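The structure under discussion appears below in the form of structure tokens.
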Amino acid sequence: MSEYRIQGNTGEWEVVIGLEVHAQITSESKLFSGSSTGFGAEPNSHVSLVDAAMPGMLPVPNRECLRQAVRTGMAINAQINRWSRFDRKNYFYADLPQGYQISQLYHPIVGEGEIEVTLNEKDPDSPTKKIGIERIHVEQDAGKLMHDQHPTMSFVDLNRSGVALMEIVSRPDISSPQEAGAYLKKLRSILRYVGSCDGNMEQGSMRADVNVSVRKPGGELGTRTETKNVNSIRFMMQAIEYEAQRQVDLIESGGAVVQETRLFDPNKQETRSMRSKEDAHDYRYFPDPDLLPVELDDAFLEECRASLPELPDAKRARYEAMGLTAYNAAVLTAEAETAFWFEDLLAEGVDAKQGSNWLMSELFGALNKMGKTLDESPINPKQAAELLGLVADGTISGSIAKQVFEIMLETAAQGNMMAASAIVEEKGLKQTNDTGAIEAEIAKIMAANEDKVAEYRSGKDKLFGFFVGQTMKAMQGKANPQIINDLLKKALG
């Protein structure tokens with residue numbers, strides 16, 4: 001799909017990439033307790049006795065967390081394992097009260113699947129590639145150490161302790177930073193459509209561990225490093241570029257890549273060593289004795305499947321079948337919030353082509369100027385549909401619609417947005433279909449521009465636009481453009 005090569009002193013190298021994405025499961029409570037998962041609360045205010053690992057506390061699995069993991073697996077056409085099991089992953093760290101993490105190493109709830117990506121979603125001719133998913137397992141998150149609250153001590157916040165995560169592990173099928181970026185964007189889009197994770201990387205509810213190794217083209221796999229907890233797509237791509245180049249330089253200078261865990265410094269745009277990488281046996285995994293295996297029945301699986309929405313690829317194909325360009329369909333389906341907004345617009349009876357063009361040019365343009373997202377739009381689909389309906393039924397022209405839209409935004413900013421129809425009525429902006437008035441203006445314009453009339457009649461067809469513009473100006477933009485065109489053609493001969 002993308003021929004990404006690193007030029008070294010000894011020739012070309014290729015990079016092999018695998019991603020382990022930690023996605024916080026959308027649920028009001030944690031994986032094994034009823035504590036809240038709300039973001040931004042006071043430290044240690046969302047901590048139950050289970051989360052704090054008090055003696056005698058027993059975990060109880062949260063059904064909704066398991067349901068969301070299964071729905072995610074179904075969305076990527078993955079194998080759903082009817083029987084899965086929780087294991088204890090033993091390690092000792094200040095933010096892990098139990099001294100172990102409850103995870104799923106040997107028997108994950110979701111098995112193999114795949115995601116199809118394109119390097120450029122907006123280019124219909126961009127090649128596609130299928131990235132394999134090895135597994136999705138459910139596990140609990142650790143707490144958070146805070147090193148900047150005291151000059152000599154570190155504080156521990158356990159609000160995240162026990163929050164449910166899906167770890168989505170890709171196969172090492174990714175071979176460039178661009179492919180990694182396309183994969184993570186597509187995965188985040190699917191999670192948002194499904195509603196199993198909000199995909200908010202800034203708040204830490206989705207983050208990636210990036211496994212990188214280099215090799216001569218087609219050669220044996222090299223030793224990989226893992227760069228932990230990268231929290232943006234841009235940073236992930238930068239981390240891959242830096243780490244791959246670092247490994248090539250190291251090997252070519254006679255050194256050897258060490259299997260280790262690294263961190264990415266976005267300010268310096270470089271990775272640095274954090275600790276040596278443990279193998280599975282170092283964690284002394286064993287089945288959690290406090291938890292029974294998870295067994296899924298037919299009714300549960302059917303309910304999960306029935307609850308899935310239309311996913312991005314299917315929605316994109318449907319939009320193209322409705323007559324939208326491949327570019328428009330790709331833009332409208334890339335983010336779940338855009339697709340849902342457009343669906344609401346269609347539900348109000350707006351024509352698909354008219355609605356997509358207006359959304360992508362007028363509304364996106366206005367929101368960009370205001371520095372707002374679509375979720376923050378002062379105009380909702382119902383209000384937009386009213387405006388577009390006035391254009392569709394000939395009440396106002398497209399150019400007048402732009403003026404009405406501006407007034408809608410201005411009044412919204414003042415706290416009391418006027419409806420499109422009210423603005424048209426108050427400002428007297430209705431489009432006129434009065435052929436007599438239009439013919440009178442055309443006659444005046446032709447009389448004042450006899451030289452241009454003669455030029456047009458001698459073959460200068462491009463002057464037709466001049467006459468359209470002059471007539472529209474004379475009618476203060478309120479004349480029906482189609483009637484102007486028809487009457488001008490008749491008058492100019």
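The structure displayed is predicted, hence computed values, not measured ones. Below, each value reflects all heavy atoms present in this structure, side chains not excepted, and no hydrogens, waters or symmetry copies.
- The two residues I379 and A384 make their nearest non-hydrogen contact at CG2-N, 3.8 Å.
- Under the 3.5 Å distance criterion, with hydrogens and angles disregarded, a donor-acceptor pair is assigned to the side chains of S48 and D51.
- Contact check on E343 versus R318 returns a salt bridge, with a Lys/Arg side-chain nitrogen under 4.0 Å from an Asp/Glu carboxylate oxygen.
- Within the 4.5 Å cutoff, side-chain heavy atoms of V194 are placed close to those of L311.
- Counted by atom type alone, Q140 and Q101 present zero donor-acceptor pairs between their side chains at under 3.5 Å.
- Looking at N229 and R207, their side chains do bring a donor and an acceptor atom within 3.5 Å of each other.
- Side-chain atoms of T128 and T118 include no donor-acceptor pair closer than 3.5 Å.
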Is there a side chain to side chain donor-acceptor pair (under 3.5 Å) between T223 and Q259? Walk through the geometry before answering. CA-CA 6 Å; T223 301; Q259 183 174 323; over 6 Å; no

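- Salt bridge status for K144 with D95: absent, with no side-chain N to carboxylate O gap under 4.0 Å.
- Side-chain contact, E42 with N44: no donor N or O sits under 3.5 Å from an acceptor N or O.
- Donor-acceptor pairing under 3.5 Å is recorded for the side chains of T225 and Q247.
- Side-chain contact check for Q269 and D265: no donor-acceptor pair (N or O, by modelled atom type) lies under 3.5 Å.
- No donor-acceptor distance shorter than 3.5 angstrom exists from the side chain of N159 to the backbone of G143, with no hydrogens or angles considered.
- Using a cut-off of 4.0 Å between Lys/Arg side-chain N and Asp/Glu carboxylate O, R135 and E167 are scored as not salt-bridged.
- Between D87 and R85 a salt bridge is recorded (basic side-chain N to carboxylate O distance below 4.0 Å).
- A donor-acceptor pair under 3.5 Å is formed between the side chain of Q104 and the backbone N or O of V138.
- Between S170 and E134, every side-chain heavy-atom pair lies at or beyond the 4.5 Å cut-off.
- When atom types are taken as modelled, the side chain of S307 and the backbone of C304 share a donor-acceptor pair closer than 3.5 angstrom.
- At least one side-chain heavy atom of R71 sits less than 4.5 Å from a side-chain heavy atom of L308.
- Across all their heavy atoms, L387 and V404 have their closest contact at CD1-CG1, 3.7 Å.
- Annotation: the span from L184 atom CG to S232 atom OG amounts to 9.0 Å, rounded to 0.5 Å.
- Atom NZ of K228 and atom CG of D209 lie 4.0 Å apart (nearest 0.5 Å).
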Run N62 and S27 through side chain to side chain donor-acceptor pair (under 3.5 Å) and show every step you take. CA-CA 9 Å; N62 182 336; S27 172; 3.2 Å; yes

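- No donor-acceptor distance shorter than 3.5 angstrom exists from the side chain of Y93 to the backbone of G99, with no hydrogens or angles considered.
- In terms of modelled atom types and a separation under 3.5 Å, the side chain of S33 and the main chain of K30 share no donor-acceptor contact.
- Note: F32 and F86 have perpendicular aromatic rings, judged against thresholds of 30 and 60 degrees for the angle between ring planes.
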Can E320 and R316 be said to form a salt bridge (charged side-chain N to carboxylate O under 4.0 Å, His left out), step by step? CA-CA 6 Å; E320 288 186 35; R316 180 175 176 177; 3.8 Å; yes

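- Judged purely by distance below 3.5 Å, without hydrogens or angles, the side chains of N200 and S205 never pair a donor atom with an acceptor atom.
- Interatomic distance, I17 CD1 to E179 CD, rounded to the nearest 0.5 Å: 7.5 Å.
- In this structure, I102 CD1 and D290 CG are separated by 7.5 Å, a value rounded to the nearest 0.5 Å.
- In the model, E20 has no side-chain atom that pairs as donor or acceptor with a side-chain atom of H22 under 3.5 Å.
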Could you walk me through whether W13 and E252 pass the side chain to side chain donor-acceptor pair (under 3.5 Å) test, one step at a time? CA-CA 11 Å; W13 296 78; E252 290 193 330; 3.0 Å; yes

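- Counting all heavy atoms, side chain and backbone alike, E376 lies closest to G371 at OE1-O, 4.3 Å.
- In this structure, the side chains of H137 and E139 come closer than 4.5 Å at one or more pairs of heavy atoms.
- Using a 4.5 Å heavy-atom threshold, the side chains of V212 and V15 count as touching.
- Using a cutoff of 4.0 Å between basic side-chain nitrogens and carboxylate oxygens, R215 and E220 are not scored as salt-bridged.
- Going from atom CD of E362 over to atom CG of L388 covers 9.5 Å, rounded to the nearest 0.5 Å.
- Taking 4.0 Å as the cut-off between side-chain N and carboxylate O, R305 and E303 do not count as a salt-bridged pair.
- In this structure, K89 is positioned above the aromatic face of Y283, its NZ or CZ under 6.0 Å from the six-membered ring centre and within 45° of the axis.
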With side chain to side chain donor-acceptor pair (under 3.5 Å) as the criterion, how do Q68 and E64 come out once you've worked through the C-alpha distance, each side chain's angles and the decisive distance to 0.1 Å? CA-CA 6 Å; Q68 292 287 28; E64 178 61 14; 3.2 Å; yes

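- H147 and S154 form a side-chain donor-acceptor contact under 3.5 Å, judged by distance and modelled atom types alone.
- For an aromatic pair to be called close, the ring centres must be under 6.0 Å apart, and Y242 with F264 fails this.
- With respect to the salt-bridge test (charged N to carboxylate O, under 4.0 angstrom), the residues R5 and E14 qualify.
- Salt-bridge formation is not detected for the pair D198/R192: no Lys NZ or Arg NE/NH1/NH2 atom is positioned less than 4.0 Å from an Asp or Glu carboxylate oxygen.
- Under 3.5 Å, the side chains of R262 and T271 contain a donor-acceptor pair of N or O atoms.
- Atom NZ of K129 and atom OH of Y183 lie 12.0 Å apart (nearest 0.5 Å).
- Of the possible polar contacts, one joining the Q383 side chain to the N380 backbone as a donor-acceptor pair under 3.5 Å is found.
- Between the side chain of K130 and the main chain of E114, no donor-acceptor pair closer than 3.5 Å is present.
- Contact check for V230 versus Q238: no side-chain heavy atoms found under the 4.5 Å cut-off.
- Looking at N90, its side chain does come within 3.5 Å of a backbone N or O of R284 through a donor-acceptor pair.
- L332 is not listed as a side-chain neighbour of W341, based on a closest heavy-atom distance of 4.5 Å or more.
- Residues E243 and R246 are paired through a salt bridge, judged by an N-O separation under 4.0 Å between the basic side chain and the carboxylate.
- Salt bridge absent: E386 and K382 never bring a charged side-chain N and a carboxylate O closer than 4.0 Å.
- Ring geometry for F155 against H150 counts as tilted: the plane angle lies between 30° and 60°, on a 0 to 90° scale.
- The pair R82-D298 counts as a salt bridge, with a side-chain nitrogen and a carboxylate oxygen less than 4.0 angstrom apart.
- By the 6.0 Å and 45° rule, R88 does not stack over the aromatic ring of F286.
- The backbone N or O of D249 sits less than 3.5 Å from a side-chain atom of S253, completing a donor-acceptor pair.
- Side-chain N/O atoms of Q245 and E241 include no donor and acceptor closer than 3.5 Å.
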